[in-house]
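Each remark here refers to the structure printed beneath this line.
This structure is a prediction, so every number in the text was calculated from the model and none was measured. Here, residue 1 is the first one in the sequence, and each next residue gets the next number.
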Amino acid sequence: MTSIAPDPVEITEGESPVILGLPHTGTWVPADVREALNDRGRALADTDWNIHELYAGLLPGATSVRATFHRYVIDANRGPENESLYPGQNTTGLVPLTDFDGAPIWTTEPDANDIARRLAEFHAPYHAALRTQIERVRARHGVAILYDCHSIRSHIPFLFDGKLPDFNIGSANGTSCDPRIETVTAEICARADGFSHVINGRFRGGWTTRNYGEPESGVHAIQMELAQSTHLAAEAPPWEISAEKAARLRPHLSEILRALEMLAPELVA
């Protein structure tokens with residue numbers, strides 16, 4: 001968590017039709033924002049810990065677009081108008097006021113001017129980069145498949161009851177991608193021994209999936225929300241990745257990404 005401001009987005013351009021979105025792995029927080037957070041907020045507990053490392057190298061040639069800033073600064077997977085992704089359910093917004101347990105994270109809550117500035121400095125550059133890569137990949141292949149990479153603790157009573165399945169596939173109830181993408185992803189998850197999965201359960205896809213997924217125009221989007229119990233040594237600080245768990249999980253993730261890459265030519269109109 002360096003004090004030197006990094007670029008808000010890291011981009012790796014590849015030649016595959018698959019793009020990895022990584023909106024929640026960043027941990028950089030500007031000094032003024034960190035000062036406004038309380039101790040609980042400064043713990044940054046709601047990070048998608050180590051997800052960029054988990055997916056690294058799984059699909060050679062894949063493009064990746066990664067936000068370096070933390071979701072408490074502004075959430076790159078929420079719409080700029082802060083519309084609720086899950087009306088009637090507990091969730092967090094464009095600039096979260098609580099953590100996933102419903103506890104306040106600010107000493108001084110951001111005002112409208114703060115949010116407007118963060119939209120311009122962080123949210124907009126991330127989505128400009130993502131949009132550029134989608135257009136580049138679609139121009140090359142006639143199709144682009146955006147696979148949005150996420151993780152979350154497997155037990156969060158404020159957000160959901162019980163234990164979350166291991167693989168949570170989100171396609172905005174089937175609207176954000178060709179049904180073959182959802183089917184092949186789910187079939188691989190179902191074959192993964194010892195892992196559970198669900199399609200469009202508690203997490204049906206965030207704003208990224210819903211905003212960019214336009215199958216009729218050749219852009220397909222799907223979200224994978226992994227339970228952190230699948231790859232972390234413990235769902236608690238220091239949030240370290242488990243080499244043993246990752247070694248067990250990564251082949252299934254690789255199989256999904258490779259299957260999507262192979263499917264892409266069939267999706268070209």
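For the atom pair His220 NE2 and Ile134 CD1, the distance stands at 11.5 Å (nearest 0.5 Å). A distance of 4.5 Å separates OG in Ser16 from CG in Leu59, rounded to the nearest 0.5 Å. Of the inter-residue distances, the one linking Thr185 atom OG1 with Leu257 atom CG reads 8.5 Å to the nearest 0.5 angstrom. Lys163 contributes atom NZ, which lies 4.0 Å from atom OG of Ser229 (distance to the nearest 0.5 angstrom). With rounding to the nearest 0.5 Å, the separation of CG in Asp114 from CH2 in Trp106 is 8.0 Å. Taking CD from Glu187 and CZ from Arg180, the interatomic distance works out to 12.5 Å, rounded to the nearest 0.5 Å.
A donor atom on one side chain and an acceptor atom on the other are not found under 3.5 Å apart for Thr68 and Glu10. Side-chain contact annotation: Gln223 with Thr208, donor-acceptor N/O pair under 3.5 Å absent.
Side-chain N or O atoms of Asp101 include none that pairs as donor or acceptor with a backbone N or O of Phe158 at under 3.5 Å. The main-chain N or O of Ala76 is found under 3.5 Å from a side-chain atom of His127 such that the two form a donor-acceptor pair. Side-chain atoms of Arg42 come within 3.5 Å of backbone N or O of Glu35 as a donor-acceptor pair. The main-chain N or O of Val9 is never found under 3.5 Å from a side-chain atom of Asp7 such that the two would form a donor-acceptor pair.
Closest approach of Ala186 to Ile199, counting heavy atoms only: CB-CD1, 3.5 Å. Scanning both residues, Met262 and Pro265, for their nearest heavy atoms gives O-CD, 3.2 Å. Listed here is the closest heavy atom pair of Pro251 and Ala247: CD-O, 3.1 Å. In terms of heavy atoms, Asn90 sits closest to Leu159 at O-CD2, 3.4 Å. In terms of heavy-atom proximity, Arg250 sits nearest to Ala56 at NH1-O, 3.1 Å. Pairing each heavy atom of Leu54 with each of Leu58, the nearest pair is O-CD1, 3.6 Å.
In summary, Asp46 and Arg71 do not engage in a salt bridge, as defined by a charged side-chain N under 4.0 Å from a carboxylate O. The residues Glu225 and Arg202 are annotated as not salt-bridged, no charged nitrogen and carboxylate oxygen being separated by less than 4.0 angstrom. Under 4.0 Å is where a charged nitrogen must lie from a carboxylate oxygen, and between Arg66 and Asp48 no such pair does.
By the 30° and 60° cut-offs, the orientation of the rings of Trp207 relative to Tyr212 is perpendicular. Using the six-membered ring where Trp is involved, His70 and Tyr72 have ring planes that are perpendicular, over 60° apart on the 30 and 60° scheme. Taking the six-membered ring for Trp and thresholds of 30 and 60 degrees, Tyr147 and Tyr55 have ring planes more than 60 degrees apart, a perpendicular arrangement.
In this structure, the side chains of Phe203 and Val198 stay at 4.5 Å or more apart for every pair of heavy atoms. For the pair Phe167 and Leu226, the minimum side-chain heavy-atom distance is below 4.5 Å.
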Show your reasoning for whether side chain to side chain contact (heavy atoms under 4.5 Å, CB included) applies to Leu85 and Arg78.
CA-CA 8 Å; Leu85 293 176; Arg78 298 293 185 270; 3.4 Å; yes
